Structures are given as structure tokens and as C-alpha cells.
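Step one of this worksheet: look at the structure below.
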There are 2 protein chains.
Amino acid sequence: MKGSQVTIKDIAKALDISPSTVSRALKDHPDISPATKKAVKELAEELNYQPNSIALSLRQRKSNTIGVIIPEIVHFFFSTVISGIEDVAYDAGYSVIVSQSNESYDREVMDTQALFNNRVDGMLISMSRETTNYDHFLSIYKKGMPMVFFDRACDALKTSQVLVDDFDGAYQATEHLIKQGYQRIAHLGGPVSLLISRKRLEGYKAALKAYNVPLDESLILSDHSSDDEDNAKEITSMLLDSPNPPDALFAINDIAALGAMMAVKEKGLKIPKDFGLVGFSNWRFTSMTDPAMTTIDQPGFAMGQEAARLLIKEIEAKEDEVIEPETITLKTNIIVRASSVRS
Amino acid sequence: MKGSQVTIKDIAKALDISPSTVSRALKDHPDISPATKKAVKELAEELNYQPNSIALSLRQRKSNTIGVIIPEIVHFFFSTVISGIEDVAYDAGYSVIVSQSNESYDREVMDTQALFNNRVDGMLISMSRETTNYDHFLSIYKKGMPMVFFDRACDALKTSQVLVDDFDGAYQATEHLIKQGYQRIAHLGGPVSLLISRKRLEGYKAALKAYNVPLDESLILSDHSSDDEDNAKEITSMLLDSPNPPDALFAINDIAALGAMMAVKEKGLKIPKDFGLVGFSNWRFTSMTDPAMTTIDQPGFAMGQEAARLLIKEIEAKEDEVIEPETITLKTNIIVRASSVRS
DNA sequence: ATCGTCTTCGCAAACGATTGCATAAAATCA
DNA sequence: TGATTTTATGCAATCGTTTGCGAAGACGAT
């Protein structure tokens, strides 16, 4: 850039004093005379002096930047989380660098390393669904990098984490279907490598048990596609063609639920009369499907805020201070819509 | 962090040579003897030396970071753009700092300044809808900061920009409605402060003219809400209650179209039989509404890529090289769905 | 006149890496 | 052997800011 910014040296030269004096004057150091302070501050104001944050970072060994690794930005839930992170980080004076793994393990490893080399002060991470090996996190964790996991956490590391109550959300979803009188409730789950998949499965099972609904393992299936509804549609279609089909389904997420909805419609079944459906995440589109989809609200913005708060607390802790890893679990709420109300 | 990273000095000390030699050895400077190079490289590898990017930034007066200012991350279109930006930036060795204005002018001014102080090498900007004054952009532009606008551009600055063909998209939408036999086609526009609003309005008018459909100014309305459909719903409702109501509507974006859809349904009109509807942007949910919504596809990912490419080209131009501002206009395509097909 | 005490400021090193210039040692040539 | 070139390396400044330490000058006290 042509008009390079004014520095402390420029001010020092103009006032014929030393850079150190300018530096101290700007931060009201008691050693500096009021007259000098006034002169310095006035000139700084006039020249629109802005401290060079890169020089500061170097000096203080702190970049005031936090790195975020998420599977995909274009997912409504994750973009909401970023928004929450940004909200807190901005107020605390941190910049946010976002990188996405695109659900790829390799890319996640590279992202982690890149953020580390960029000297971020801490990391907020939600793992890709491919990830089953945690060495890339572990190695920088051991070097003292503050990190907080959110949503898709890593139980191999004892870091702070922010989760939603997946168990309870799944429980509420299943309970709701049971109470609506559905008899055979299927579950379309996610990859078991993700803790959230397992938790939701557990909540589903717990609700069945609590209401004495027999558990049929053949009704528990797994969807491995991440971003489109086709796989879910296919699986549901097969399920409906089986000899003893379900009359309701609780899906791991809203996209999968949408795929299921399409399959159910194709079979000529009426929702919610013949078939009940519940998704997970409360994506924006769920209120716009036909019929509108019942789902579990997942507070993404709050999750981002909490995660950023925990991380910044850890970053700014004194050297000797020991920070105990914290786990924050956010409440989920069922949003009841037409897709599951039989009455 | 406890395990502070190894530096060039550490390597120098271990090998009992000077830091400059290490620096040169690492980058294969011809002055360094093969033996020294080998020793340095081996030790660097062993200690997992990673250059400190902050020190590099300071030295080279370049942060290898680009700043992005967008209205809201949680909008599908914008998150898609970010994804495209990240795609290109990552490969070129740049980090991406994202900040959102939340459609607020004040916040946009602060964001601009914050990114500038963070010494980003360039900026990618899509203006807030509140913005009518461009001084905050102009002042840093004059200091030589490379910047590229996308989608919501700023015609007051002669920077590069990446746009979609809003005029043509609107033309296609309106033409389609005309060809489907709708007679009185309304337009629900956006704030005239945004160039895209004006372009889309022009496209609408041009199509009417081309097909000799009389232009009725009372059918042109403006939606000022950004993120929800309520305002659009209200306006459409009033329009339908007027003495001479429209039988079709082209909305500035999909959210507004959704609001309109709700209003039309409430009046008991059938879509597309009694009323035709076209949105803009091809948001994800448009394929899931009932009936599915006709819309104009806006290539967000490609837009992000192009914008990032233009910006990086500008950043990396030699000092004396003069970069002519470029305007890239991406094609829009109509996605015809049930909401507008009368046959 | 000497000493001590403030007040106010500058020097220099540091953060980590780069680079123009100088220089010592080694190799080449006459 | 002496002069010259080549090779390999180090010194020191630089990017912009901070900070421990030292010091000059003013002033009062003895």
C-alpha cells in the first residue's frame, strides 16, 4: 500500500523525542510529563495514528486471533455458531479466522496445522465426521494451545466443550412420537464415530424403554451422507418396503428427515396421518416443508457464544492459573409442527 | 503457551552458527555450503521448525490475510460465497477473517476500521442495506488498500467487483411469468440504496416493456425487512386487498417470496393456478416449500472464488503495475418450479 | 558545596526473521 | 610466494512496539 501508516517513530521524529517516550505517553505512563503527553496525544490524533497490531503480536507473543474449524460453513447450524463466536470474540478484541474441513479428515489436519502456524491464540473446533484419529489435535494441545470443542466433541482430549443435550433432545423427539400414538418408531442415525450420533441413539432407546415400547434393532439405520437427502430417502424407502415397516421416524438431522419425508410421500402415505416424522436441528427450511416438520431446536448462536467465552477465559488465564476443563450442555427444545401431530 | 515454538535462533545456537546462515540455508541460498544446508535442514526437520508468520508479516509488511465484510453469515447465499472465498484464499496461502455487519451501517464502519487496523492485505466487501455513505470505504481505499466488492457493490468507488446479472435474472423471472399467461405482475423490491435492487427493478420493467405489458406503478412495492418474511407478507396482503390486485409477483429475494406465498395462501388463492410467484437467489428452502418455488439461481460459490481471485491478483501486483478495475458479471439462471407453472 | 531525591526522558534490547554489506578463510592464478 | 578471486559466513540494521535500567537536570536539605 502506498500511504503507509504512521508509526510511533514518525510521531517521535516530529516531536523530536524518543519512540519510547511516545509509547509511554500514549498509555499514560506516570513517568511522562503532562505537557509531553498532551503533545503526543494531540499529534497522534491528528495523524490518525493506529498501533500496528502485527508488531504488537510479535512483541507480546499473542495474535489476538482465534481459529475456528468447522465441517462446513454453508450449514445453517454452523453458520449460526460462527455468528455467536464472532459476537463474543469481537467484543473481546479478537479476530476470527474460519476454516472448513469439508467433512474431510485430511483437510482438518491441514487446517489445524495452518491455524497453529498462524499463531492463533486458541482454537474452537467441531470435528469432521471422518475423524477417528485425534493426533493432530493432541500434538498441538500438548504444546499448550487452548482449545474448546463444540457440538462434535472429542472425548479423547480433556478440553472444555460445549454441547447440546443430544440425549434429551432425542428423548423428547421419541417421547413425542410415542405420545402421538405411533407404534413402530424407526431411527435414522448418523456415523457412530460422532459422539452426537451415539447420544441421540441412546436418547431414542431410553424413551422407548421408559414407555415400554419394544426395541426393534431392524428399525435403527444409519445415514452416511452429510449434505443431501438422497441417501436418507433411499434408506427410508427400503425400510417402508420391508415386511414390517415403521409408522414413524426420528432422524439424526433435518436433511435426513427431509429425505425420509420424500420417500414417505412417494409411497403415497400421508404425513402425519399414516406416518410421523421428527428431525433434529431446527434448520430454517423445516418450517417451510409440507407439512411443516417437527424438529429439535439446537441453540447454535448460544453455543458459539459459550464456546468463545470459555476459550477466551482460557487464553487470558494467568500463567500459573490452572483452568479446569468445563463442559457446558445447552438445553434442546422440541418444536412441534404438523409432521408429527396426529390428533 | 508453555512449549514455545522453536525459532531460527534455537537452530543457530544448537549448530553454533549465526541466525542469518540458518535463514539462508533454509531457503537454499547459493552462498551456503552444502554441508551447512544439510545440517540446518535436518535439525529444522527434527525440531519441527515452523517459521513465525507474525514475524514474517512484520518484516515483509504483509499479513497474508484477507478480510471479508458481509451483512450476515447465516444467510445461505453469503455462507456459500465465503466458502468460495476460502477455497481460493486457502490455496493461495491466505487466511480469511470474516466479520459481519448485521446489516448495520455503524457496525460496518467499525468492521472496516478493525480489519484495516489488523493489517489485512485486502478486503472483500458486500455492503449492508443501510449503507448510503461510503466514506469509510473511501478513506482506506485512498490509502491503497486493495478491495473488491461482490453482490452488493458500491458504484461510488472504482474498484473491481463481482456481480450477478441482476438485470437479466429479473428479466428472465418476469418474462417467465408473462409467458405463463399472468396478466398483472407485481414486483416486491428491496431498498433502492442497493444497486441490486435497482437492477432487478430495471430488469422487471424491461421485460414488461418487451412484451408490451403495461407498467402499473402501483404494483411496484418495496420490502424493507432483511431477514424475515413478515413484512413481505403484510405488503402482499394489502396488495391483494386492493381494488385491482395482481395475479403474479416477482420478489426481490426468496424470503420475501415466501412471505408473499403465505399471504396468497391466506387469501385462499391457489398457487400457481390463481397466482404466480417467483423469488430470487435459489435458497435451499425454495425446493421445499409447497408448492416448490420458482427462483433465480445466484452462483454464490463462484462469486466468492472470482472475488478472491481478483483481490489476490491486485494484492500481488507489483508496485508499479497498474491494475485496472474489473467487473465480472456472473450469469443467473431461472429455476422453474411449481409456483409459477400454470399449464 | 555536597548529597539525596524526584521528575522526566533516552538507550538499548527484545519479539523472529531477512538481507545488504563486510570479512575471514580458502582456493586459484601468476 | 604473493596477489587475487572465490566461497562461506557473520554483523548489524530493519519491520513497529515495549520496557528495564540508567542518567541528566532540578530542587531542597544539610
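Bear in mind the structure is a predicted one, so any value in this text is a computation, not a measurement. Just so we're on the same page: letters track the sequence lines, and every chain starts at 1.
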Interatomic distance, [X] [atom1] vs [N] [atom2] [rounded to whole Å]:
| X | N | atom1 | atom2 | value |
| --- | --- | --- | --- | --- |
| A:D10 | D:dT14 | CG | P | 14 Å |
| A:R119 | C:dA17 | CZ | C1' | 11 Å |
| B:K62 | C:dA17 | NZ | P | 18 Å |
| A:K38 | C:dT8 | NZ | P | 16 Å |
| B:I8 | D:dG10 | CD1 | P | 13 Å |

I would like to know whether A:F150 and A:E306 meet side-chain contact (heavy atoms from CB on, under 4.5 Å); could you show each step before the answer? CA-CA 9 Å; A:F150 61 91; A:E306 292 297 340; over 6 Å; no

Think [X] has a side-chain N or O under 4.0 angstrom from the OP1 or OP2 of [N]?
| X | N | value |
| --- | --- | --- |
| A:T7 | D:dG16 | no |
| A:R61 | C:dA14 | no |
| A:K9 | D:dC15 | yes |

Stepwise, does the side-chain contact (heavy atoms from CB on, under 4.5 Å) test hold for B:N52 with A:R119? CA-CA 8 Å; B:N52 184 320; A:R119 303 304 204 268; 3.6 Å; yes

Please report the end-to-end axis angle for the helix from C:dA1-D:dT30 to C:dA30-D:dT1, five pairs per end, rounded to 10 degrees.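 Here the local axes at opposite ends form an angle of 80°.
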
Could you pull out the closest heavy-atom pair between A:R129 and A:S193, with the gap in Å?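 Here A:R129 and A:S193 meet closest at O-OG, 3.2 Å.
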
How far apart are the closest heavy atoms of B:S79 and B:I73, and which atoms are they? CB-O, 3.5 Å

Near DNA chain D, which residues from residues 46-60 of chain B have a heavy atom under 4.0 Å away? B:L58, B:R59

May I ask you to list the residues of residues 23-36 of chain A, by number, that have any heavy atom positioned under 4.0 Å from an atom of DNA chain D?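 Contacting residues: A:S23, A:R24, A:K27.
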
Just jot down the ring-ring contact (aromatic ring centres under 6.0 Å, His included) partners of A:Y105, sequence neighbours excluded, or say none.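 A:Y105: ring-ring contact (aromatic ring centres under 6.0 Å, His included) contacts with A:H136.
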
Mind checking ring-ring contact (aromatic ring centres under 6.0 Å, His included) for B:F149 and listing every partner two or more places apart, or none if nothing turns up?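 Once residues adjacent in sequence are excluded, the partners of B:F149 under the ring-ring contact (aromatic ring centres under 6.0 Å, His included) criterion are B:F137.
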
Audit row: A:R152, A:E103, salt bridge (charged side-chain N to carboxylate O under 4.0 Å, His left out) steps and yes/no: CA-CA 12 Å; A:R152 305 207 196 149; A:E103 301 281 13; 3.0 Å; yes

Of B:S57, B:S63, B:S95, the residue whose pairing with A:N118 passes side chain to side chain donor-acceptor pair (under 3.5 Å):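 The passing option is B:S95.
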
Pair A:T21, A:T36 - check side-chain contact (heavy atoms from CB on, under 4.5 Å), show working. CA-CA 9 Å; A:T21 303; A:T36 309; 3.9 Å; yes

With heavy-atom distances below 4.5 Å as the criterion, would you say the side chains of B:F77 and B:V81 are in contact? yes

Whether the side chain of B:S18 and the base of D:dC11 hold a donor-acceptor pair under 3.5 Å is what I'd like checked.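 Check fails, no donor-acceptor contact within cut-off.
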
Would you check if there is a donor-acceptor pair between the side chains of B:E108 and B:T131 at a distance under 3.5 Å? yes

All N/O contacts under 3.5 Å from nucleotides 24-27 of chain D to the protein, with atom names and distances to one decimal?
none

Please determine whether salt bridge (charged side-chain N to carboxylate O under 4.0 Å, His left out) holds for the pair A:K38 and A:E42, giving the CA-CA distance in whole Å, both sets of side-chain angles, and the decisive distance to 0.1 Å. CA-CA 6 Å; A:K38 183 161 175 292; A:E42 279 179 4; 3.1 Å; yes

Show your working on salt bridge (charged side-chain N to carboxylate O under 4.0 Å, His left out) between B:R24 and B:D31 and close with a plain yes or no. CA-CA 8 Å; B:R24 282 186 261 249; B:D31 273 4; 5.9 Å; no

Step by step, would you call A:R309 with A:D91 a salt bridge (charged side-chain N to carboxylate O under 4.0 Å, His left out)? CA-CA 11 Å; A:R309 259 195 278 273; A:D91 287 344; over 6 Å; no

Could you check B:S20 against A:T21 and say which one's nearest nucleotide on DNA chain D is further toward the 5' end?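 Its nearest nucleotide lies further toward 5', so the answer is B:S20.
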
